[in-house]
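In this text, all values refer to a predicted model and were calculated from it rather than measured experimentally. Letters A, B, ... mirror the listed sequences (proteins, then strands); counts begin at 1.
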Amino acid sequence: MEALEMFTSDRNADVYTEELKLNLGPQHPSTHGVLRVELAMDGEIITDSWCDIGYLHRCAEKIGENVTYLQFTPYTDRMDYLASMNNNLAWSLTVEKLLDVEAPERAQWIRALVAELNRIASHLIAFGTYGIDLGANTPFFYAFRERESIMQLLEKISGARMLYNFIRPGGVANDIDDAWMDEVSAFCDDFEKRWVEYNTLLTDNFVFIQRTANIGILTKELALSNGCTGPVLRASGVKWDLRRDVPYLEPYDECEFDIPVGEGTHGTLGDCWDRYWVRMREMIESVRIIRQCIEKIPPGAHMEKSMVKMYKTPLKPPPGEAYVRCENPRGELGFYVVSEGGNSPIRCRTRAPSFCNLSVLDKLLPGTMLGDAVATIGSLDIVLGEVDR
Amino acid sequence: MGAIRDYFGNISSALTSTAKGMGVTLRHYRKEPPITIQYPFERFPVPDRYRGLHILEQEKCIDCKLCAKACPVDCIEIEAEHHGRILEWTQFSIDYKKCIFCEFCIPPCPVDCIHMTTEYELATEDPDGMVEDLLTWTGLRPQDQRALEEAAARKAGKVVPDAAASKPSAEGTSAEDMAAKIAAIKARMGKKD
Amino acid sequence: MNEAGLHAKLGAAGIDGIGELDTSAKDPFVVVEADALVAVMTFLRDDPDCAMEMLHLVTATEREACIELAYHLCSYQHHHSFVVKVICPRPEGGNHDTWHPEVPSVAGVFDAADWHEREQWDLLGVVFAGHPDPRRILLPEEWIGHPLRKDFVYPSFLGDVPLELDATPMYERGPDWTPPSSEPRPAGEPLIQPPSPPSDRPHAGGQAPAKDEAPADAADTGKEG
Amino acid sequence: MEALIGLFGELFGLEGTLALSAAYAVCIGSILGFVTVYSMFAIWMERKVAAHIQVRMGPMVTGGWHGWAQSVADAVKLLFKEDIIPTRANAFMFWIAPAVVFCGVFAGLIVVPFAVGVQVVDLHLGVFFIIAIASIEVIGVIIAGWASNSKYSLFGAVREAAQVVSYEIPTATALLVPILVVGSFRLNDFNTWQAEHHWLIFHSPWLAMAALIFFISSLAGCKRAPFDLPEAESELVSGFHTEYSGMRFSFFFLEEYTSMFVAALLTATLWFGGFNLPFVDSSAWHPALAMPIGIVVLLAKTFFFIFVQMWLRWTLPRLRVDQVMSMGYKYLVPWAFVALIATAVWDYYGWGWLPL
């Protein structure tokens, strides 16, 4: 802000710079989709910003009111298309809560396993695209290499590469076998080595630290008041993770894992570097969970018996409502579903983590420079498919 | 002194971290094999469970329309006329412009007649070609026709001499035929192998 | 603290208009009067035993008899969550066009409410009195109506632009293609009759025209949902 | 040059101005041809280097062997693309900007000695000429950014102006260091000096430091990462050439790669022995042998530095605009002066460093 005052204090002097409106997006390389941010610029310095969303609005909530509970599952894939498994999971848990059923034990472990795999994939994208935002193109490809391994693993069990539709109300679509789990272990071993390499290449890079430390500082109070969740909240120093605090799957209760929080290593607590570093460490924690899942996964059915008939006859939950939150890679995804006993819900509200995380952007940008705006947007790691739904 | 230490610290960390990063990229440049493949010439293996284009075993299908009802996007159109157990087919098409490959049409099928293949190449220059007809024949096949006539004759009280001929042939269920169907799908989608 | 404890705490706060706790629901909730909403929210946020730092979600649900607003709150300190509801009963003959229930905005209490309330106004036409930035958020400013209402009618115009419901696919449009409803109209006549909004309606840009005022050439108005 | 004039005189009986013009035409034509072919090769090389660093393959199909013809195909495509001038752009300025940009770097090549006798003009102030003429490029970029009538372009142009003008100070100061040692601005003198003595990079630690400073600041001068602020595709879409397409866009590309070539070539000539081989005295060789070997040696050194430029580009993130400035003024400029003064002292006392 100091720089801002320096540039704006002499507004009444003879020479002053004129404010320039710059449209960052909706078609812009670094807005991660179709986000539009209107920036008031004073030279390179942003004086004000207005977020404009809705370019990718696909009426998901309206669709949810017109399809059956099962049929909405593939639509949840398309909200946060980088973490489809986690979205499926949240929706399935919501429907199960409405119906008062619980997935079998094995299904819960499989769910945790694939959700954590998907979390790594999603954070890899965040890592890679963040590099691109800051001008380092190479980490993106390394991240995609590992993500490709995850996609091939998940493709083997679900049959699709991105929009898995694998976790369904009552369980998971297919069982997994030991050969597949061996492949996952092999991937985990490989990934840990790669992770060190990422840090050498990008995390510890001097230029990268210069670009991210002390930029876009999100205080704890601002983060909480704006409803930021996930890595964005944790980077501000709040140790809050639904997987630990409100375990919604059995494995999260039984597995050991840490919750990385921001520490302000290179700058202030809650800056872009902290958000980035929380994500990086979360990947390693996910690997730990995956390892334990593979070890402890119990035998049994992968789908609740009574739920199999849902493919032929639509589910009809009793009247009522359910709100379920899940810890997605980007924050807490919540589904609030109101049923009146029919084939489809009468309200299918989505609490999209990116939507809430993005709402803080307007408060972070003023006073920073144009390059920092890109760094800040990247560090929030939004998916516009989820923001607009 | 802090500022001076920062100054020289910046220089040294900039140089060392750059050198380390360059080491990583150089290692990749020299040692790591490429992970991409030359797509039209070579392909990644597709797992068996892959949810690709559909095929229909028309022999088995009983026109119950459960798959169409299960479809979240209403992309399946089925039309057939029932003559007892024999079906006169008009349409069984999937609009791949709409299809989201969610697999929900597969589990409801009571006779297990609709499947998803591992074919994933959908791109075409002709959008109309994306409405894919899964039928191998339309209307009545000769043997169906014959069976119908015999049934009608039996109904009228006439004796049918050759009952064996009315049995539906097993044609259209073998693996080769499936492969032929996939080839036909690709041909109809306007693609070259 | 569980929901019953929170409700007891809330009842002891001395705010009027707090209803009973509905424990039959899966997430027990309390219904409060619209007037008491801001006070309730402020109390839940500031009371050290409740310490609801985060407004998780604001949802409006349209039911047969009412529009129901649900506020999901959670506290990371105490690991508990709570649901506060406000019921806006439907007046006689209230539809998406004429009825815009009004509740006080809690954007002053939780910053998170800002975008959530804008979305609920945008999609369900709930007016949040005192909202700092009462614009649409997902749909364009010129959009007519609130699409998540059950009786929503798909508009035939977006500002000056006719919306084509039975449009020819892009690849079938020849060089001479024109939108079906964009016939030349008499000069000077506006494309859409400007609706006459009640002057006290706070949100600009979201007014739906009355049905009899719909333009004559909007024959392709369809119904969705 | 003189040889060419003589050749024309012998073959076609041309004399005086006519022979001079013909010789110039041939020289310029060959340099233009060289620049075009080199740029295509460099673009192909950049793509391959980037691809291999990024565990990809890069162009593999066009032309057969490792996609060697990809750049040719791209050039043909760019030639045939529609020439778009934005409606509200200043058409004349928009039209002239790429030419201005290209002329600057292109003219720099005429003083470069590729080998013994392979040089268009042997200017006394060769180094100075290159630095001076390369600055014209900035004017072209500013024209391009302003004429495009796009905010992104304007931002890019202003960034370019600030950056390139600032970085000319460390560039020129670092160049003064070897000039101080050799005592000449003439590029050929560097070749002969280094053939007689040793490569300047080994002369003293200060010269090595000057080489590093020159290399870094020349990166900024060429708008290469991590100093590609004027383009900064994640911030400014494409910077000053956002609105350009087709042939005009390719001029900016040519300019970028040619200025890379000039920078790498200056590094090779001034510090790394020019067209001299290490440990080999080539001064007594017959010109017919020395010339091709000299060209190959110089180009090999140049391409090594171009490779390092690419390697850096695909490793480092981009600096922010104020950090670029502070790096220039706080780090490079002072150390360039330190190197200059220290070299003066070093040479005055005649200290040696490496056993050369």
Distance (rounded to the nearest 0.5 Å) between Leu123(C) CG and Lys62(A) NZ: 9.5 Å

Part of Leu233(A) within contact of chain C (heavy atom distance under 4.5 Å): side chain

Side-chain heavy-atom pair Glu321(A), Val83(C) within 4.5 angstrom cut-off: no

Val387(A) versus Leu138(C), closest heavy-atom pair with distance: O-CD2, 4.3 Å

Qualifying salt bridge (charged side-chain N to carboxylate O under 4.0 Å, His left out) pairs with a residue from residues 21-41 of chain C, counting only residues at least two apart or across chains: Lys97(A)-Asp27(C)

Residue pair Arg347(A) / Leu124(C), side-chain heavy-atom distance below 4.5 Å: yes

Residue selection (most heavy-atom pairs with chain C, distance under 4.5 Å) from Cys356(A), Ser359(A), Gly334(A), Pro319(A): Ser359(A)

Residues in residues 64-82 of chain C near chain A [non-hydrogen atoms, under 4.5 Å]: Glu68(C), Ala70(C), His72(C), Cys74(C), Ser75(C), Tyr76(C), His79(C), Ser81(C)

Heavy-atom contact with chain A under 4.5 Å, split by part of Arg149(C): backbone

Portion of Leu139(C) that has a non-hydrogen atom of chain A nearer than 4.5 angstrom: side chain

Inter-chain contacts: residues 51-60 of chain A against chain C, heavy atoms under 4.5 Å: Cys51(A), Ile53(A), Gly54(A), His57(A)

Interatomic spacing from OG1 in Thr229(A) to CE in Met54(C) - rounded to 0.5 Å: 6.0 Å

Among Ile63(A), Leu98(A), Val360(A), Asp100(A), residue most engaged with chain C (heavy-atom pairs, under 4.5 Å): Leu98(A)

Spatial distance of atom CD (Glu221(A)) from atom CG (Asp111(C)) [nearest 0.5 Å]: 11.5 Å

Closest non-hydrogen atom pair, Gly227(A) against Ala112(C): N-CB, 3.8 Å

Under-4.0 Å salt bridge between Lys150(C) and Glu340(A): no

Ring geometry between His116(C) and Phe355(A) (parallel below 30°, tilted from 30 to 60°, perpendicular above 60°): tilted

Check against salt bridge (Lys or Arg N to Asp or Glu O under 4.0 Å), Arg349(A) and Glu119(C): CA-CA 11 Å; Arg349(A) 174 93 165 100; Glu119(C) 191 186 330; 3.2 Å; yes

Least distance between heavy atoms, Leu57(C) atom then Thr350(A) atom: CD1-O, 4.3 Å

Chain C neighbours within residues 234-252 of chain A, where any heavy atom lies under 4.5 Å away: Val238(A), Trp240(A), Asp245(A)

Ala60(C) portion near chain A, given a 4.5 angstrom heavy-atom threshold: backbone

Interface residue of largest heavy-atom contact number with chain C, from Cys228(A), Gly320(A), Ser225(A), under 4.5 Å: Ser225(A)

Contact class of Val58(C) relative to chain A, heavy atoms under 4.5 angstrom: backbone

